[in-house]
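Labels below follow one simple rule: chain letters A, B, ... track the order of the sequence lines, proteins then strands, and each chain is numbered from 1. Predicted model only: the values in this text are computed from it and were never measured.
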Amino acid sequence: MNRRETFLLVGSSLVSVPAIAQETPRRGGVMTVHFSTEQRILNPSLQASTGVYIVGGKIQEALVDLDAAGNPTPVLAESWESSADGKSITFKLRAGVTWHDGKPFTSADVAFTAMEMWKKILNYGTALQLFLTAVDTPDPLTAIFRYERPMPLGLLLRALPDLGYISPKHIYETGDIRQNPANTAPIGTGPFKFVQYERGQFIIADRNTNYWRPNLPYLDRVVWRVVGDRAAAAAQMEAGQILFSPYSALAISDFQRLARDPRFEVTTRGNEGNARTNTLEFNFRNPILADIRVRKALAHALNIPFFIENFLGSFAKPGTGPIPSVSTDYYPAGMPQYPFDVAAANRLLDEAGHRRGAGGVRFSLRLHPAPWGEDISLFATFMQQSFAQIGVRIEIVRLDAAGWLRTIYNDHNFDLASGWHQYRSDPAVSTTVWYRSGSPVGAPWTNQWGWNDPTIDQIIDNAATELDVPRRRALYADFVRRAQTELPLWMPIEQIFVSVFNKRLRNVANNPRWASSSWHDTWLAN
Amino acid sequence: MRIVSLAAKRLAASLPTLLLILVGIFCLLQFAPGDTVDAMLAQMGGGDAAIAADLRRFYGLDLSVAEQLTRYLWRLVRLDLGFSAIYGKPVATVILERLPATLSLMGASLSFAFAAGMALGVIAARRVNRWPDTLISTLGLIFYATPSFWFGLMAIVLFSVHLQWLPAGGFGDVAMGYTGARRVLDIAWHLVLPTLTLGLIFLAIYLRIMRASMLEVLSLDFVRTARAKGLRETRLITRHVLRNALLPMVTLIGLQAGTMLGGAVVVESVFSLPGLGRLAYESVVQRDLNTLLGIVFVSALLVIAVNFLVDMLYARLDPRIGA
């Protein structure tokens, strides 16, 4: 059976979902979850990353989440509206919600979290809330966000499911926020109450009997098991010790193997909000790469469909630019592309004056692949072999996470780098920083290429404060066109994270960021 | 009293080594590109330069290397291992939490390897060049040549996934929340596969050493004398040969205590055990200097302690050494 048939089978099993949905949910049971990297912090209002959401997102809640269709849906906020000038946004908060320690949840918590955490500490939050000047709290259930410049409501609502988690003011208002014990023993309003974090072993959270959604959650307990080794995690899934492995944490070969096993579902469903693209980053400080013809030649030299078909299976597709196709609001079609064309690549290099020398080699470059993700490593090897065909010799340099970030984004000591760009709901949150000039040295995943383009800077700035949705969409189409024409970096592959479920779990993957969301309606069949 | 003074002398002799190791590791890690804030940003998936600068101040990384080293050594003099960047608590606490898993895994594997290696070695030596010897020696060679991560994974596939006899990993079943004796049994149950995996390689070494040493002692004059005076074979082996043949084995325990700590990294990863080995690996990846130096310190103490015990054992086994 080849890969395609395998995934057709998986697809056909999805058709039976409506039948499952009619079952009566069973109360009780323990959900065990694969936790692949140890975290320093579990509070999602202080650190925005999937490793935090996978735990903290069940214990703390955000103002809004996404519904099944990917639209913002009320959680701690019941409704919202923006003033005409876009400079104040009012949230009406849910009444009768209490923190796990029994204190009531009020607008003071929202104001404190926004001003002290999102604006000052939360990664991506500091950029999103840069122009937030104050949060007014006329009454305990109203929070009015005041902005210095217009804040598009759509942008804020798209960002808040990830960047809008609320922390209790009464726990955090005294002392250094970074050293607060609640950072690793979070106190929230969510369906599960934190119990214990045993480093290197497990995290436990129990049912919140006082949860504001009546009669929920169904599960008694969630246990996250710390398993760093991929093969061991796959074995624990098969042995039934783990019921859910999120965010592509198993080996690609194990996805294909488990997909053939009727006990498991291997799917990208429930991760649509978390698309990522593989990158090829060029260092403009190397005069060879500062030449647009060389960058285009390298892009043309890669047979991306072949690589995806043979190495990544059906969880990936060719990328078309910085905004991935899952972004229904802002994905622009018909942008400049660089299809596989060795003749064009050779011609471009000849034109650039890089003739083949001894052994057919035109020039040599160093390539630094990021150390996360099996696909990045495979892609680096694939690039090495493909570029050899057009006379470009590649030396692959492998570093660990800290070393890679320092070398690329701080020391700029590279020619080519390859990693992931993670798209976070809106281009202004996660994507434009890769192209906007003026990012301070050392800020990871930003424009550190030595490339400075006033045209794209202007487009990015205009789009970030544009309130009208169609005009904003047009600006982002301009942005992608410029990015694809100048090619300061290239995003040739688009991927969605893969989840592996034991089929005993029900009500799973029912929104586009399910692995990060609260699991209040998830239940476990016998 | 003699023991105490010997212990003190040993400890004093190992202090310079310990200092050298700690300073060496500190300097070595300075050569690794990136610091703990880079590692944290990698985990966060992004953050601006102001956040990074703020975090560097928080972790004391804005100081010069010499200053950091002086501070560390000064803390060490006061027996303070410092604060762990990844775990947000004192390093001593973090290490204490991990010691039970490491010590039980090491203790169990060492005992298993020693006991089984000794028994098999004796059998092989007594049936030298006959089929039991060939079988045991071949098995030993296979165990020795197989990488432990592969052994571990295959054991999981066979015993946990297919036969479902033993758990696939973890240090006790958390979901059940056992306490007391039930918990001890549960942990022991979880340690069966890791112990076998880590122990098999060492078993192979012990078995070969034991066999060779037995053969050597068996050829000595006093054995012939003992036989000549009519001692029964079993008594001869246990009273005379074994005791003499054990000396190289005991030496090996001391030597391998360190190796075992290193080999445990792989086994702890495969079986998701919360031990020192995995902690050390995590500390390197996250550039958590304090934790790493703390682990080196504690591991060095462990190895010194084991070697001290081995010295004591020597004196017990062979009175000539004590004198």
Side-chain angles (χ1 to χ4, degrees), chain A residues 30 32 37-41 47-52 121 123-124 126-127 176 178-179 183-184 198-202 204 221 223 225-229 231-233 235-236 238-241 370-372 399-407 410-411 422 430 433 439-446, chain B residues 32-55 58 85-89 94 97-98 101 149 152-153 156-157 160-162 164 167-177 268-275 278-279 281-282 284-287:
Chain A
V30 177
T32 44
T37 44
E38 199 95 62
Q39 297 295 321
R40 300 187 195 191
I41 284 181
Q47 183 173 323
S49 68
T50 51
V52 173
I121 299 177
N123 52 321
Y124 292 102
T126 52
D176 184 352
R178 284 192 204 286
Q179 296 200 39
N183 291 350
T184 47
E198 203 62 52
R199 297 286 183 164
Q201 294 192 66
F202 56 82
I204 297 177
R221 173 175 271 199
V223 175
R225 300 182 67 116
V226 180
V227 184
D229 187 80
Q236 294 202 15
E238 288 181 276
Q241 283 187 307
W372 36 87
L399 297 168
D400 68 1
W404 190 80
L405 282 187
R406 176 62 65 98
T407 305
N410 194 79
D411 303 343
Q422 294 201 44
S430 58
V433 288
S439 187
V441 168
W445 296 289
T446 63
Chain B
D35 57 23
T36 191
V37 172
D38 289 310
M40 194 172 175
L41 288 176
Q43 218 178 48
M44 284 158 66
D48 58 40
I51 289 180
D54 205 29
L55 283 169
F58 178 69
I86 333 173
Y87 297 99
K89 20 186 180 184
V94 174
E97 282 171 4
R98 301 294 185 110
F149 74 89
L153 285 173
I156 292 176
V157 168
S160 307
V161 176
H162 285 292
Q164 310 220 331
F171 193 61
D173 197 333
V174 266
M176 294 308 199
E268 282 169 12
S269 301
V270 168
F271 290 98
S272 328
L273 293 173
R278 240 173 89 210
L279 186 68
Y281 174 76
E282 188 87 356
V284 175
V285 171
Q286 301 256 2
R287 303 282 193 280

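- Under the side chain to side chain donor-acceptor pair (under 3.5 Å) criterion, S430(A) pairs with no residue, sequence neighbours left out.
- For the pair S49(A) and Q39(A), the tightest heavy-atom approach, listed with the atom from each and the gap, is OG-OE1, 4.2 Å.
- The greatest number of non-hydrogen atom pairs below 4.5 Å with chain A, out of S269(B), G169(B), A39(B), A53(B), is found for G169(B).
- With hydrogens and angles disregarded, a donor-acceptor distance shorter than 3.5 Å links the side chain of N123(A) to the backbone of A48(A).
- Contact detail for P33(B) and L399(A): the closest heavy-atom pair is CG-CD2, 4.3 Å.
- The residue among T36(B), V37(B), V157(B) with the most heavy atom pairs within less than 4.5 Å of chain A is T36(B).
- Within the 4.5 angstrom heavy-atom criterion, only side-chain atoms of Q241(A), from C-beta onward, approach chain B.
- Contacts of D400(A) classified as salt bridge (charged side-chain N to carboxylate O under 4.0 Å, His left out), with partners at least two apart in sequence or in another chain: R287(B).
- For W404(A), no part sits under 4.5 Å from any heavy atom of chain B, backbone or side chain.
- Comparing G275(B), P274(B), S160(B) by how many heavy-atom pairs each has under 4.5 Å with chain A, the most go to P274(B).
- Of the listed residues (V270(B), V284(B), L279(B)), the greatest number of heavy-atom pairs within a distance under 4.5 Å of chain A belongs to V270(B).
- A distance-only check finds no donor-acceptor pair linking the side chain of R278(B) to the backbone of G228(A) [under 3.5 Å].
- Interface check for chain A: of the options L273(B), V285(B), V161(B), the most heavy-atom pairs under 4.5 Å are formed by V161(B).
- The two residues L153(B) and D229(A) have their closest heavy-atom pair at CD2-OD2, 4.2 Å.
- F271(B) approaches A168(B) most closely through the heavy-atom pair CD2-O, 3.7 Å.
- The residue among P440(A), A235(A), A401(A) with the most heavy atom pairs within less than 4.5 Å of chain B is A235(A).
- Only the side chain of Q47(A) comes within contact range of chain B, judged by heavy atoms closer than 4.5 Å.
- For T407(A), the part lying near chain B is the side chain, with the backbone staying farther off; criterion is any non-hydrogen pair under 4.5 Å.
- At a 4.5 Å heavy-atom cutoff, the contact between Y87(B) and chain A is made by backbone and side-chain atoms alike.
- Counting heavy-atom pairs closer than 4.5 Å to chain A, the top-ranked of the candidates V94(B), I156(B), D54(B) is D54(B).
- When heavy atoms are compared at a cutoff of 4.5 Å, D411(A) does not approach chain B at all.
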